[in-house]
Amino acid sequence: MDRQMNTPTDSRGEVAHDETRNLIASDKVEGTAVYDTTGRHIGDVQNFMVNKRSGQVAYAVIAFGGFLGIGEDHYPLPWDKLTYDTGMGGYVVDVDRDRLEGAPRYAPGDAPWRDPGYAGGLDMFWNRPYAV
């Protein structure tokens, strides 16, 4: 599986105006499909959370579950767990679906990031240094 970032080019082979070889605009990441390692579609990137001090993306919020968006939940997944796969046209995560389903989540419209307990629990679940 090719997991190198593919940089879209126009008909002249030039990089799109809002991208570089290593950077992509946030609006192009949002809505991108997320797959497990078997190629099964898990969900889509809803948004991502950026550390204000470091400027690094800490979590990608993956939307999945439900039917046609009804009953869908948002699952913050550490950004470094996502690898872009040009062949799939989306991100691949090496996280078991059962583990992902057991991860901290929230309903659309909720704002759990304001709660330090939620953020701390999220970091503990993913065994990460305090990122938020």
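Here, residue 1 is the first one in the sequence, and each next residue gets the next number. Keep in mind it's a predicted model, so treat the numbers as computed, not measured. These values consider heavy atoms only, across backbone and side chains, with no hydrogens, waters or symmetry-generated copies.
Between E72 atom CD and F64 atom CZ the span is 9.5 Å, to the nearest 0.5 Å. For the atom pair CD (Q46) and CG (D73), the distance works out to 11.5 Å, reported to the nearest 0.5 Å. Separation of atoms CG (D27) and OG1 (T32) is listed at 10.0 Å; rounding is to 0.5 Å.
Counting heavy atoms from C-beta on, the side chains of D36 and V92 never come closer than 4.5 Å. Inter-residue side-chain proximity for I62 and H74 is flagged as unmet; no heavy-atom pair is nearer than 4.5 Å. The closest side-chain heavy-atom distance from K81 to Y59 is not below 4.5 Å.
Between the W79 side chain and the Q56 main chain, no donor and acceptor come within less than 3.5 Å of each other.
A side chain to side chain contact (heavy atoms under 4.5 Å, CB included) with Y91 holds for exactly one of D44, I42, L77, V45; it is V45.
V50 is linked by a side chain to side chain contact (heavy atoms under 4.5 Å, CB included) to F48, V57, counting only residues two or more places apart in sequence or in another chain. Partners of D115 according to the side chain to side chain contact (heavy atoms under 4.5 Å, CB included) rule, which considers only residues two or more places apart in sequence or in another chain, are Y118.
The 12-atom threshold is not exceeded at CZ of R114, counting heavy atoms of other residues, nucleotides or ligands nearer than 6.0 Å.
In terms of hydrophobic clustering, with Ile, Leu, Val, Met, Phe, Trp and Tyr side chains grouped at heavy-atom distances under 4.5 Å, M124 and M49 are assigned to different clusters.
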Validation: residues 100-107 side-chain donor-acceptor distances under 3.5 Å, sequence neighbours left out:
from, atom 1, to, atom 2, distance (Å)
E101, OE2, R97, NE, 3.0
R105, NH1, Y75, OH, 3.2
R105, NH1, E101, O, 2.7
Y106, OH, W113, NE1, 3.4

